Chemist: 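Please find one structure pasted underneath; my questions will follow.
The structure displayed is predicted, hence computed values, not measured ones.
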Amino acid sequence: MDIATVILAAGKGTRMRSNQPKVLHELGGLPLYYHSLSTSQKIQPSKTYFVTDNENEAILKSLKSFEFRPEIVVQGQQLGTGHAVKCALDKMDGFDGLVLILYGDTPFVKQGTLDRLISSITDKKPICFLGFNSQSPGNYGRMVLDENDSIARIIEYKDLQPREENISLCNSGIVCGRASIINNLVAKLDTQNASGEYYLTDIAELARSEDFNCTVTICDEEETIGVNTQEDLANAEKIFQTGKRKEMMENGVTLQSPETTYFSLDTIIHNNVFIEPNIYFGPGVNISSGVRIRSYSYLENCTIGANSVIGPFARIRENTNIGENCKIGNFVEIKKTQIKSGTKISHLSYVGDADIGENTNIGAGTIFCNYDGISKHKSTVGDNSFIGSNTILISPVNIGDDTMTAAGSVINQEIPDGTLGISRVKQKNIVGYTKSRSNKK
Ligand code: UD1
Ligand code: CA
(Lines give C-alpha, C1' and ligand atoms only; values in the text may rest on other atoms or scores of the structure.)
(Ligands and ions follow the chains in the order given, each with its own letter.)
Protein backbone atom coordinates (compact mmCIF):
# COMPACT_ATOMS: atom_id res chain seq x y z
CA MET A 1 0.00 0.00 0.00
CA ASP A 2 1.16 3.53 -0.78
CA ILE A 3 2.61 5.42 2.17
CA ALA A 4 2.67 9.16 2.77
CA THR A 5 4.83 10.46 5.61
CA VAL A 6 4.09 13.59 7.59
CA ILE A 7 6.77 15.33 9.68
CA LEU A 8 5.27 17.60 12.33
CA ALA A 9 7.58 20.52 12.94
CA ALA A 10 5.49 23.64 13.50
CA GLY A 11 6.00 25.89 16.48
CA LYS A 12 8.98 27.77 17.80
CA GLY A 13 10.07 25.42 20.52
CA THR A 14 10.07 28.23 23.10
CA ARG A 15 11.71 26.06 25.74
CA MET A 16 14.94 26.17 23.68
CA ARG A 17 15.11 29.92 24.51
CA SER A 18 16.69 30.54 21.14
CA ASN A 19 15.94 32.79 18.16
CA GLN A 20 16.29 29.82 15.87
CA PRO A 21 13.36 27.44 15.30
CA LYS A 22 13.87 24.30 17.38
CA VAL A 23 14.08 21.87 14.47
CA LEU A 24 16.93 23.84 12.89
CA HIS A 25 19.24 23.27 15.84
CA GLU A 26 22.06 20.97 14.88
CA LEU A 27 22.32 17.36 15.92
CA GLY A 28 25.13 15.31 14.44
CA GLY A 29 26.08 18.24 12.22
CA LEU A 30 22.66 18.43 10.52
CA PRO A 31 19.34 20.04 11.46
CA LEU A 32 17.30 18.18 14.06
CA TYR A 33 14.39 17.64 11.64
CA TYR A 34 16.69 16.02 9.08
CA HIS A 35 17.12 12.92 11.26
CA SER A 36 13.47 11.78 11.25
CA LEU A 37 13.02 13.08 7.70
CA SER A 38 15.92 11.00 6.35
CA THR A 39 14.87 7.88 8.30
CA SER A 40 11.35 8.22 6.94
CA GLN A 41 12.71 8.27 3.38
CA LYS A 42 14.17 4.79 3.87
CA ILE A 43 10.68 3.30 3.85
CA GLN A 44 10.24 4.87 0.40
CA PRO A 45 7.07 6.87 0.88
CA SER A 46 5.33 8.03 -2.27
CA LYS A 47 4.99 11.50 -0.77
CA THR A 48 6.34 13.40 2.25
CA TYR A 49 4.70 16.40 3.90
CA PHE A 50 6.47 18.77 6.26
CA VAL A 51 4.29 20.79 8.61
CA THR A 52 5.75 24.14 9.58
CA ASP A 53 4.47 27.59 10.53
CA ASN A 54 4.27 30.39 8.02
CA GLU A 55 7.15 32.58 9.09
CA ASN A 56 9.82 29.95 8.98
CA GLU A 57 11.85 31.25 6.01
CA ALA A 58 14.92 29.68 7.56
CA ILE A 59 13.29 26.24 7.56
CA LEU A 60 12.23 26.57 3.93
CA LYS A 61 15.77 27.57 2.98
CA SER A 62 17.23 24.68 4.93
CA LEU A 63 14.84 22.14 3.35
CA LYS A 64 15.91 23.29 -0.11
CA SER A 65 19.53 22.42 0.61
CA PHE A 66 18.81 18.68 0.93
CA GLU A 67 17.96 15.98 -1.57
CA PHE A 68 14.52 15.22 -0.10
CA ARG A 69 12.09 17.97 -0.94
CA PRO A 70 8.96 17.35 1.07
CA GLU A 71 5.79 19.19 0.28
CA ILE A 72 5.45 22.09 2.72
CA VAL A 73 2.27 22.31 4.76
CA VAL A 74 1.80 25.65 6.47
CA GLN A 75 -0.03 25.44 9.78
CA GLY A 76 -0.91 29.09 10.41
CA GLN A 77 -1.70 28.69 14.09
CA GLN A 78 -0.39 25.84 16.22
CA LEU A 79 -3.67 24.47 17.51
CA GLY A 80 -2.24 21.07 18.42
CA THR A 81 -0.92 17.85 16.88
CA GLY A 82 -4.40 16.83 15.70
CA HIS A 83 -4.79 20.12 13.86
CA ALA A 84 -1.30 19.80 12.35
CA VAL A 85 -2.17 16.38 10.94
CA LYS A 86 -5.46 17.70 9.60
CA CYS A 87 -3.58 20.46 7.74
CA ALA A 88 -1.41 17.79 6.07
CA LEU A 89 -4.35 15.50 5.25
CA ASP A 90 -6.18 18.42 3.67
CA LYS A 91 -3.34 18.57 1.13
CA MET A 92 -3.54 14.87 0.32
CA ASP A 93 -6.58 15.11 -1.85
CA GLY A 94 -8.38 11.86 -1.10
CA PHE A 95 -5.19 9.79 -0.71
CA ASP A 96 -6.28 6.36 0.51
CA GLY A 97 -3.00 4.70 1.46
CA LEU A 98 -1.22 4.67 4.82
CA VAL A 99 -0.09 7.82 6.51
CA LEU A 100 2.92 7.71 8.83
CA ILE A 101 3.21 10.63 11.25
CA LEU A 102 6.61 11.51 12.71
CA TYR A 103 7.93 14.44 14.73
CA GLY A 104 10.68 16.80 13.62
CA ASP A 105 12.03 16.88 17.17
CA THR A 106 12.25 13.11 17.71
CA PRO A 107 15.41 12.12 15.89
CA PHE A 108 16.28 8.56 16.89
CA VAL A 109 13.46 6.38 15.62
CA LYS A 110 14.87 3.50 13.60
CA GLN A 111 13.83 2.31 10.19
CA GLY A 112 13.22 -1.23 11.50
CA THR A 113 10.81 0.16 14.09
CA LEU A 114 8.90 2.07 11.41
CA ASP A 115 8.74 -1.13 9.32
CA ARG A 116 7.25 -2.99 12.29
CA LEU A 117 4.77 -0.20 12.94
CA ILE A 118 3.63 -0.15 9.33
CA SER A 119 3.33 -3.92 9.02
CA SER A 120 1.08 -4.09 12.09
CA ILE A 121 -1.70 -2.26 10.19
CA THR A 122 -4.53 -4.47 8.98
CA ASP A 123 -8.13 -3.86 7.89
CA LYS A 124 -9.29 -4.70 11.41
CA LYS A 125 -6.51 -2.71 13.07
CA PRO A 126 -6.19 0.34 10.85
CA ILE A 127 -4.27 2.63 13.27
CA CYS A 128 -1.18 1.87 15.34
CA PHE A 129 0.66 4.14 17.76
CA LEU A 130 4.32 3.62 18.63
CA GLY A 131 4.67 3.29 22.39
CA PHE A 132 7.37 2.49 24.90
CA ASN A 133 7.67 1.54 28.54
CA SER A 134 9.43 3.95 30.83
CA GLN A 135 10.51 3.99 34.46
CA SER A 136 10.29 7.79 34.43
CA PRO A 137 7.49 8.72 32.03
CA GLY A 138 7.85 12.47 32.71
CA ASN A 139 5.70 14.59 30.38
CA TYR A 140 4.75 11.87 27.93
CA GLY A 141 1.18 10.96 27.18
CA ARG A 142 0.18 7.61 28.74
CA MET A 143 -1.60 4.77 27.04
CA VAL A 144 -4.43 2.86 28.65
CA LEU A 145 -4.99 -0.57 27.10
CA ASP A 146 -8.18 -2.61 27.06
CA GLU A 147 -8.53 -6.34 27.71
CA ASN A 148 -7.45 -7.07 24.09
CA ASP A 149 -4.32 -4.94 24.36
CA SER A 150 -5.82 -2.34 22.07
CA ILE A 151 -5.56 1.31 23.12
CA ALA A 152 -8.61 2.40 25.08
CA ARG A 153 -7.34 5.98 25.28
CA ILE A 154 -4.25 8.13 25.51
CA ILE A 155 -4.10 10.61 28.36
CA GLU A 156 -1.94 13.66 27.97
CA TYR A 157 0.41 14.52 30.81
CA LYS A 158 -1.51 17.66 31.74
CA ASP A 159 -4.78 15.73 31.90
CA LEU A 160 -3.50 12.87 34.09
CA GLN A 161 -5.37 12.05 37.29
CA PRO A 162 -3.04 11.26 40.24
CA ARG A 163 -3.91 7.54 40.08
CA GLU A 164 -2.89 7.45 36.38
CA GLU A 165 0.56 8.89 36.96
CA ASN A 166 2.18 5.50 37.47
CA ILE A 167 1.14 4.17 34.05
CA SER A 168 4.45 3.26 32.43
CA LEU A 169 3.27 2.76 28.84
CA CYS A 170 3.98 6.04 27.04
CA ASN A 171 3.08 7.49 23.67
CA SER A 172 6.08 8.23 21.43
CA GLY A 173 3.84 10.44 19.26
CA ILE A 174 4.65 8.43 16.13
CA VAL A 175 1.59 6.84 14.59
CA CYS A 176 0.61 5.11 11.37
CA GLY A 177 -2.81 4.42 9.93
CA ARG A 178 -5.19 4.40 7.01
CA ALA A 179 -5.37 7.97 5.72
CA SER A 180 -9.11 7.85 5.09
CA ILE A 181 -9.85 6.69 8.65
CA ILE A 182 -7.49 9.17 10.32
CA ASN A 183 -8.97 11.90 8.16
CA ASN A 184 -12.44 10.99 9.33
CA LEU A 185 -11.35 10.92 12.99
CA VAL A 186 -9.32 14.15 13.12
CA ALA A 187 -12.35 15.98 11.76
CA LYS A 188 -14.12 15.02 15.01
CA LEU A 189 -11.46 16.21 17.46
CA ASP A 190 -12.28 18.95 19.94
CA THR A 191 -10.29 21.06 22.38
CA GLN A 192 -11.94 19.97 25.64
CA ASN A 193 -8.70 19.31 27.53
CA ALA A 194 -6.15 20.96 29.81
CA SER A 195 -4.21 22.55 26.93
CA GLY A 196 -7.22 23.63 24.86
CA GLU A 197 -5.57 21.96 21.83
CA TYR A 198 -6.66 19.44 19.21
CA TYR A 199 -4.87 16.33 20.47
CA LEU A 200 -4.02 13.79 17.78
CA THR A 201 -3.93 11.22 20.57
CA ASP A 202 -7.70 11.56 21.04
CA ILE A 203 -8.23 9.61 17.81
CA ALA A 204 -7.58 6.42 19.83
CA GLU A 205 -10.73 6.88 21.89
CA LEU A 206 -12.72 8.18 18.90
CA ALA A 207 -11.73 5.12 16.87
CA ARG A 208 -13.29 2.81 19.46
CA SER A 209 -16.60 4.57 19.26
CA GLU A 210 -16.53 3.77 15.52
CA ASP A 211 -15.60 0.12 16.14
CA PHE A 212 -12.02 0.36 14.96
CA ASN A 213 -9.04 -0.90 16.90
CA CYS A 214 -6.02 1.27 17.64
CA THR A 215 -3.07 -0.92 18.51
CA VAL A 216 0.35 -0.22 19.94
CA THR A 217 3.79 -1.27 18.66
CA ILE A 218 6.49 -1.15 21.32
CA CYS A 219 9.97 0.27 20.76
CA ASP A 220 12.99 1.15 22.92
CA GLU A 221 12.64 4.27 25.00
CA GLU A 222 15.86 5.67 23.51
CA GLU A 223 14.30 5.81 20.03
CA THR A 224 11.58 8.13 21.22
CA ILE A 225 13.69 10.78 22.93
CA GLY A 226 12.38 14.19 22.02
CA VAL A 227 14.29 17.47 22.12
CA ASN A 228 12.57 20.32 23.92
CA THR A 229 15.38 22.14 25.73
CA GLN A 230 19.06 22.89 25.19
CA GLU A 231 19.84 20.26 27.79
CA ASP A 232 17.81 17.70 25.83
CA LEU A 233 19.74 18.67 22.72
CA ALA A 234 23.10 18.17 24.42
CA ASN A 235 21.90 14.83 25.75
CA ALA A 236 20.69 13.81 22.28
CA GLU A 237 24.08 14.77 20.82
CA LYS A 238 25.78 12.54 23.36
CA ILE A 239 23.52 9.63 22.45
CA PHE A 240 24.04 10.28 18.75
CA GLN A 241 27.84 10.40 19.05
CA THR A 242 27.99 7.29 21.21
CA GLY A 243 25.95 5.38 18.62
CA LYS A 244 27.98 6.65 15.69
CA ARG A 245 31.31 5.80 17.33
CA LYS A 246 30.10 2.28 17.99
CA GLU A 247 28.89 1.91 14.40
CA MET A 248 32.25 3.17 13.07
CA MET A 249 34.25 0.75 15.19
CA GLU A 250 31.95 -2.13 14.20
CA ASN A 251 32.73 -1.24 10.58
CA GLY A 252 36.48 -1.52 11.13
CA VAL A 253 37.44 2.10 11.76
CA THR A 254 40.06 2.54 14.50
CA LEU A 255 39.20 5.32 16.93
CA GLN A 256 42.14 5.89 19.23
CA SER A 257 40.05 8.06 21.53
CA PRO A 258 36.38 7.47 20.60
CA GLU A 259 35.00 9.99 23.07
CA THR A 260 36.96 12.82 21.37
CA THR A 261 35.87 12.00 17.81
CA TYR A 262 32.77 13.87 16.56
CA PHE A 263 30.80 12.61 13.60
CA SER A 264 27.94 13.94 11.50
CA LEU A 265 24.87 11.93 10.61
CA ASP A 266 26.16 11.40 7.06
CA THR A 267 29.87 10.77 7.77
CA ILE A 268 31.18 7.85 5.68
CA ILE A 269 34.44 6.24 6.74
CA HIS A 270 35.71 3.00 5.21
CA ASN A 271 37.48 0.30 7.14
CA ASN A 272 41.19 0.40 7.99
CA VAL A 273 41.04 4.11 8.64
CA PHE A 274 42.98 5.20 11.71
CA ILE A 275 41.66 8.19 13.62
CA GLU A 276 43.83 9.85 16.24
CA PRO A 277 42.30 11.81 19.16
CA ASN A 278 40.31 15.08 18.83
CA ILE A 279 38.87 15.07 15.33
CA TYR A 280 35.71 16.82 14.10
CA PHE A 281 33.84 15.54 11.05
CA GLY A 282 31.31 18.10 9.81
CA PRO A 283 28.65 17.10 7.25
CA GLY A 284 29.50 15.51 3.91
CA VAL A 285 32.77 13.72 4.66
CA ASN A 286 33.75 10.51 2.86
CA ILE A 287 37.05 8.85 3.75
CA SER A 288 38.53 5.91 1.85
CA SER A 289 40.32 2.93 3.28
CA GLY A 290 43.83 3.17 4.71
CA VAL A 291 43.67 6.87 5.56
CA ARG A 292 45.14 8.22 8.79
CA ILE A 293 43.59 11.35 10.29
CA ARG A 294 46.01 12.88 12.74
CA SER A 295 45.01 14.78 15.87
CA TYR A 296 43.17 18.10 15.95
CA SER A 297 41.90 18.06 12.39
CA TYR A 298 38.57 19.51 11.20
CA LEU A 299 36.97 18.16 8.03
CA GLU A 300 33.70 18.99 6.27
CA ASN A 301 32.20 18.36 2.80
CA CYS A 302 35.26 16.63 1.43
CA THR A 303 36.49 13.28 0.17
CA ILE A 304 39.84 11.79 1.09
CA GLY A 305 41.38 9.13 -1.17
CA ALA A 306 42.87 5.85 0.00
CA ASN A 307 46.03 5.83 2.11
CA SER A 308 46.34 9.59 2.46
CA VAL A 309 47.46 11.21 5.70
CA ILE A 310 45.66 14.31 7.00
CA GLY A 311 46.89 16.52 9.84
CA PRO A 312 47.74 17.02 12.62
CA PHE A 313 45.97 20.40 12.79
CA ALA A 314 44.58 20.31 9.23
CA ARG A 315 41.37 22.03 8.15
CA ILE A 316 39.74 20.54 5.07
CA ARG A 317 36.77 22.62 3.96
CA GLU A 318 33.86 22.38 1.53
CA ASN A 319 34.09 20.96 -1.99
CA THR A 320 37.54 19.55 -1.55
CA ASN A 321 38.55 16.22 -3.03
CA ILE A 322 41.91 14.82 -2.09
CA GLY A 323 43.30 11.87 -4.08
CA GLU A 324 45.08 8.73 -2.97
CA ASN A 325 48.44 8.73 -1.16
CA CYS A 326 48.39 12.45 -0.50
CA LYS A 327 49.85 14.12 2.55
CA ILE A 328 48.24 17.18 4.07
CA GLY A 329 50.22 18.34 7.06
CA ASN A 330 49.96 20.74 9.97
CA PHE A 331 48.29 24.12 9.72
CA VAL A 332 47.10 23.59 6.17
CA GLU A 333 43.66 24.95 5.18
CA ILE A 334 42.11 23.74 1.91
CA LYS A 335 38.83 24.88 0.35
CA LYS A 336 37.08 24.17 -3.01
CA THR A 337 40.10 22.36 -4.32
CA GLN A 338 40.77 19.18 -6.27
CA ILE A 339 44.05 17.45 -5.52
CA LYS A 340 45.24 14.42 -7.48
CA SER A 341 47.08 11.44 -6.03
CA GLY A 342 50.52 11.56 -4.47
CA THR A 343 50.54 15.31 -3.86
CA LYS A 344 51.93 16.76 -0.64
CA ILE A 345 51.08 19.98 1.16
CA SER A 346 52.97 19.41 4.34
CA HIS A 347 53.08 22.67 6.25
CA LEU A 348 51.44 26.06 6.86
CA SER A 349 49.54 26.68 3.62
CA TYR A 350 46.25 28.11 2.40
CA VAL A 351 44.87 26.50 -0.76
CA GLY A 352 41.55 27.90 -1.98
CA ASP A 353 39.78 27.50 -5.36
CA ALA A 354 42.48 25.41 -7.02
CA ASP A 355 43.12 22.30 -9.10
CA ILE A 356 46.38 20.58 -8.30
CA GLY A 357 47.81 17.66 -10.29
CA GLU A 358 49.51 14.48 -9.11
CA ASN A 359 52.84 14.05 -7.36
CA THR A 360 53.21 17.76 -6.83
CA ASN A 361 54.81 19.29 -3.78
CA ILE A 362 53.42 22.50 -2.35
CA GLY A 363 56.12 24.00 -0.15
CA ALA A 364 55.76 25.36 3.37
CA GLY A 365 53.95 28.67 3.64
CA THR A 366 52.47 28.65 0.12
CA ILE A 367 49.40 30.86 -0.17
CA PHE A 368 46.85 30.83 -2.98
CA CYS A 369 45.55 34.43 -3.01
CA ASN A 370 42.13 33.51 -4.39
CA TYR A 371 40.25 36.60 -3.23
CA ASP A 372 40.80 40.13 -4.50
CA GLY A 373 38.35 41.67 -2.07
CA ILE A 374 35.45 41.40 -4.54
CA SER A 375 35.59 38.03 -6.31
CA LYS A 376 37.15 34.63 -5.85
CA HIS A 377 39.49 33.35 -8.58
CA LYS A 378 40.76 29.92 -9.45
CA SER A 379 44.31 28.69 -10.10
CA THR A 380 45.77 25.45 -11.40
CA VAL A 381 49.02 23.66 -10.75
CA GLY A 382 49.98 20.69 -12.96
CA ASP A 383 51.55 17.30 -12.23
CA ASN A 384 55.06 16.65 -10.88
CA SER A 385 55.63 20.23 -9.90
CA PHE A 386 57.47 21.81 -7.01
CA ILE A 387 56.10 25.00 -5.53
CA GLY A 388 58.91 26.51 -3.46
CA SER A 389 58.36 27.53 0.14
CA ASN A 390 56.57 30.79 0.76
CA THR A 391 55.31 31.13 -2.81
CA ILE A 392 52.42 33.56 -3.25
CA LEU A 393 50.16 32.54 -6.16
CA ILE A 394 47.92 35.42 -7.19
CA SER A 395 44.81 33.87 -8.70
CA PRO A 396 43.84 33.36 -11.42
CA VAL A 397 47.12 31.86 -12.54
CA ASN A 398 47.99 28.63 -14.35
CA ILE A 399 51.10 26.67 -13.57
CA GLY A 400 51.96 23.77 -15.88
CA ASP A 401 53.37 20.26 -15.41
CA ASP A 402 56.98 19.65 -14.31
CA THR A 403 57.33 23.21 -13.12
CA MET A 404 59.05 24.87 -10.17
CA THR A 405 58.69 28.16 -8.40
CA ALA A 406 61.59 29.64 -6.53
CA ALA A 407 61.04 30.00 -2.79
CA GLY A 408 59.59 33.35 -1.81
CA SER A 409 58.26 34.15 -5.30
CA VAL A 410 55.14 36.14 -6.00
CA ILE A 411 53.60 34.46 -9.07
CA ASN A 412 50.94 36.26 -11.09
CA GLN A 413 51.73 35.00 -14.59
CA GLU A 414 51.44 31.62 -16.23
CA ILE A 415 54.36 29.20 -15.84
CA PRO A 416 54.48 26.91 -18.91
CA ASP A 417 55.29 23.18 -18.64
CA GLY A 418 58.88 22.34 -17.68
CA THR A 419 59.67 25.90 -16.49
CA LEU A 420 60.96 27.56 -13.33
CA GLY A 421 59.12 30.69 -12.25
CA ILE A 422 61.16 33.07 -10.11
CA SER A 423 60.11 36.49 -8.96
CA ARG A 424 62.06 37.99 -6.13
CA VAL A 425 64.56 40.76 -5.53
CA LYS A 426 68.08 39.64 -6.34
CA GLN A 427 70.23 39.24 -3.24
CA LYS A 428 73.06 41.76 -2.75
CA ASN A 429 75.95 41.06 -0.33
CA ILE A 430 77.77 43.99 1.28
CA VAL A 431 81.20 42.76 2.35
CA GLY A 432 82.44 44.02 5.74
CA TYR A 433 79.15 45.75 6.60
CA THR A 434 78.75 44.20 10.04
CA LYS A 435 82.27 45.10 11.08
CA SER A 436 81.92 48.78 10.03
CA ARG A 437 78.66 48.87 12.00
CA SER A 438 80.26 47.62 15.20
CA ASN A 439 83.12 50.13 14.87
CA LYS A 440 80.58 52.98 15.19
CA LYS A 441 79.45 51.84 18.66
C1 UD1 B 1 3.04 14.78 22.11
C2 UD1 B 1 1.89 13.80 22.35
C3 UD1 B 1 2.20 12.95 23.56
C4 UD1 B 1 3.51 12.24 23.38
C5 UD1 B 1 4.62 13.22 23.06
C6 UD1 B 1 5.86 12.49 22.64
C7 UD1 B 1 -0.17 14.86 21.55
C8 UD1 B 1 -1.39 15.59 21.94
N9 UD1 B 1 0.67 14.54 22.53
O10 UD1 B 1 3.06 15.66 23.22
O11 UD1 B 1 1.17 12.01 23.78
O12 UD1 B 1 3.85 11.51 24.55
O13 UD1 B 1 4.25 14.05 21.95
O14 UD1 B 1 6.93 13.38 22.44
O15 UD1 B 1 0.01 14.56 20.38
N16 UD1 B 1 3.32 20.30 16.41
C17 UD1 B 1 2.84 20.92 15.27
N18 UD1 B 1 1.73 21.70 15.37
C19 UD1 B 1 1.07 21.88 16.53
C20 UD1 B 1 1.55 21.23 17.68
C21 UD1 B 1 2.69 20.45 17.58
O22 UD1 B 1 3.42 20.78 14.19
O23 UD1 B 1 0.06 22.60 16.52
C24 UD1 B 1 4.52 19.45 16.31
C25 UD1 B 1 5.71 19.99 17.09
O26 UD1 B 1 6.58 20.73 16.25
C27 UD1 B 1 6.39 18.72 17.57
C28 UD1 B 1 5.27 17.68 17.64
O29 UD1 B 1 4.22 18.20 16.86
O30 UD1 B 1 7.36 18.26 16.65
C31 UD1 B 1 4.82 17.38 19.05
O32 UD1 B 1 4.29 18.52 19.64
P33 UD1 B 1 4.49 18.86 21.17
O34 UD1 B 1 3.74 20.09 21.46
O35 UD1 B 1 5.94 18.84 21.52
O36 UD1 B 1 3.72 17.62 21.83
P37 UD1 B 1 3.93 17.05 23.28
O38 UD1 B 1 3.25 17.91 24.25
O39 UD1 B 1 5.35 16.73 23.51
CA1 CA C 1 7.39 17.41 22.60
Side-chain angles (χ1 to χ4, degrees), residues 1-13 21-23 33 36-37 40 45-56 59-60 63 70-106 109 114 117-118 121 125-130 140-141 143 151 153-159 171-215 226:
M1 194 179 275
D2 247 11
I3 300 180
T5 54
V6 178
I7 313 284
L8 301 188
K12 303 269 180 289
K22 174 165 78 177
V23 293
Y33 75 78
S36 50
L37 175 61
S40 75
S46 56
K47 201 90 198 256
T48 300
Y49 298 82
F50 191 93
V51 180
T52 177
D53 41 279
N54 41 13
E55 284 152 46
N56 273 332
I59 290 184
L60 301 184
L63 280 167
E71 182 160 334
I72 305 296
V73 178
V74 176
Q75 187 193 17
Q77 272 182 296
Q78 283 72 66
L79 304 178
T81 49
H83 178 252
V85 168
K86 185 171 187 311
C87 293
L89 287 165
D90 286 349
K91 284 234 168 180
M92 290 189 199
D93 212 19
F95 173 75
D96 193 26
L98 291 180
V99 51
L100 171 66
I101 297 152
L102 299 144
Y103 289 176
D105 64 358
T106 305
V109 62
L114 297 179
L117 180 70
I118 292 162
I121 305 287
K125 298 173 175 174
I127 300 174
C128 187
F129 280 83
L130 188 66
Y140 289 108
M143 292 174 166
I151 301 174
R153 58 194 187 107
I154 301 174
I155 314 162
E156 284 310 297
Y157 167 72
K158 285 187 186 164
D159 302 288
N171 175 30
S172 72
I174 294 166
V175 51
C176 183
R178 291 290 298 264
S180 53
I181 294 177
I182 294 183
N183 202 8
N184 171 31
L185 296 174
V186 292
K188 297 178 180 159
L189 293 174
D190 62 33
T191 56
Q192 304 299 307
N193 53 55
S195 308
E197 289 183 1
Y198 295 98
Y199 287 164
L200 178 63
T201 43
D202 283 349
I203 64 172
E205 205 171 350
L206 285 170
R208 286 171 76 77
S209 59
E210 310 221 348
D211 280 344
F212 293 124
N213 264 327
C214 268
T215 54

Chemist: Under the rule for salt bridge (Lys or Arg N to Asp or Glu O under 4.0 Å), what residues qualify as partners of K158, not counting sequence neighbours?
Modeler: none
Chemist: Please examine the side chains of I3 and S46, heavy atoms only from C-beta on, and report whether any two atoms are closer than 4.5 Å.
Modeler: no
Chemist: Please check if any side-chain donor atom of S36 sits under 3.5 Å from a side-chain acceptor atom of T106, or the reverse.
Modeler: no
Chemist: What is the distance from atom OG of S180 to atom CG of D96, rounded to the nearest 0.5 Å?
Modeler: 4.0 Å
Chemist: Show every salt bridge (Lys or Arg N to Asp or Glu O under 4.0 Å) that has at least one partner inside residues 70-80, sequence neighbours left out.
Modeler: K47-E71, E71-K91
Chemist: Of all heavy-atom pairs between A187 and K86, which one has the smallest distance, and what is that distance?
Modeler: CA-CE, 4.5 Å
Chemist: Go through it in stages, so that I can follow the logic: the residues are V186 and L89, the test is side-chain contact (heavy atoms from CB on, under 4.5 Å), and I'd like the CA-CA distance, side-chain angles, deciding distance and then a yes or no.
Modeler: CA-CA 9 Å; V186 292; L89 287 165; 3.9 Å; yes
Chemist: Would you say the side chain of L98 lies within less than 4.5 Å of the side chain of R178, judging by non-hydrogen atoms?
Modeler: yes
Chemist: Do Y103 and Y33 have ring centres separated by under 6.0 Å?
Modeler: no
Chemist: Is the side chain of D159 donor-acceptor paired with the backbone N or O of A194 at a distance under 3.5 Å, no angle test?
Modeler: yes
Chemist: Which residue in the set T48, V51, V175 passes side chain to side chain contact (heavy atoms under 4.5 Å, CB included) when paired with V6?
Modeler: V51
Chemist: Going by heavy atoms in the side chains, are Y140 and N171 under 4.5 Å from each other?
Modeler: no
Chemist: State whether the side chain of T5 and the backbone N or O of P45 hold a donor-acceptor pair below 3.5 Å, judged by distance alone.
Modeler: no
Chemist: So do the side chains of L206 and L189 get within less than 4.5 Å of each other, counting heavy atoms only?
Modeler: yes
Chemist: Are any non-hydrogen side-chain atoms of L37 and L63 less than 4.5 angstrom apart?
Modeler: yes
Chemist: What residues form a ring pair (Phe, Tyr, Trp, His ring centres under 6.0 Å) with Y199, not counting sequence neighbours?
Modeler: none
Chemist: Within a radius of less than 6.0 Å around CD of E210, do more than 12 heavy atoms belonging to other residues, nucleotides or ligands occur?
Modeler: yes
Chemist: Count the heavy atoms belonging to other residues, nucleotides or ligands that lie under 6.0 Å from OH of Y49, then report whether that count exceeds 12.
Modeler: yes
Chemist: Is there a side-chain contact between I127 and F212 in this structure, where contact means two heavy atoms from C-beta onward sitting under 4.5 Å apart?
Modeler: no
Chemist: Side-chain contact test, heavy atoms from C-beta onward, threshold under 4.5 Å: evaluate it for D90 versus V73 and give yes or no.
Modeler: no
Chemist: Does V109 reach the side chain of L130, with side-chain heavy atoms less than 4.5 Å apart?
Modeler: yes
Chemist: Near F95 CZ, under 6.0 Å, is it more than 12 heavy atoms from other residues, nucleotides or ligands?
Modeler: yes
Chemist: Could you state the interatomic distance from SG (C214) to CD (E205), rounded to the nearest 0.5 Å?
Modeler: 10.5 Å
Chemist: Salt-bridge test for K188 and D202: reply yes if a basic N is under 4.0 Å from a carboxylate O, no otherwise.
Modeler: no
Chemist: As an exercise, state the distance from CG of L100 to SG of C176, rounded to the nearest 0.5 Å.
Modeler: 5.0 Å
Chemist: Any donor and acceptor pair, going by atom type alone, linking the side chain of D53 with main-chain N or O of G11 inside 3.5 Å?
Modeler: yes
Chemist: With rounding to the nearest 0.5 angstrom, report the CG to CD1 distance, L102 to I7.
Modeler: 4.5 Å
Chemist: Apply side chain to side chain donor-acceptor pair (under 3.5 Å) to residues Q75 and T52 and explain how you reach the verdict.
Modeler: CA-CA 6 Å; Q75 187 193 17; T52 177; over 6 Å; no
Chemist: So how far is it from T215 OG1 to I121 CD1, rounded to the nearest 0.5 Å?
Modeler: 6.0 Å
Chemist: What distance separates I59 CD1 from K22 NZ, expressed to the nearest 0.5 Å?
Modeler: 11.0 Å
Chemist: side-chain contact (heavy atoms from CB on, under 4.5 Å), that's the test. Do S172 and F129 meet it? Break it down for me.
Modeler: CA-CA 8 Å; S172 72; F129 280 83; over 6 Å; no
Chemist: Decide whether T201 and E156 meet the rule of one side-chain donor and one side-chain acceptor closer than 3.5 Å.
Modeler: yes
Chemist: Is it the case that the side chain of N193 and the backbone of E197 share a donor-acceptor pair, with hydrogens and angles ignored and the cut-off at 3.5 Å?
Modeler: yes
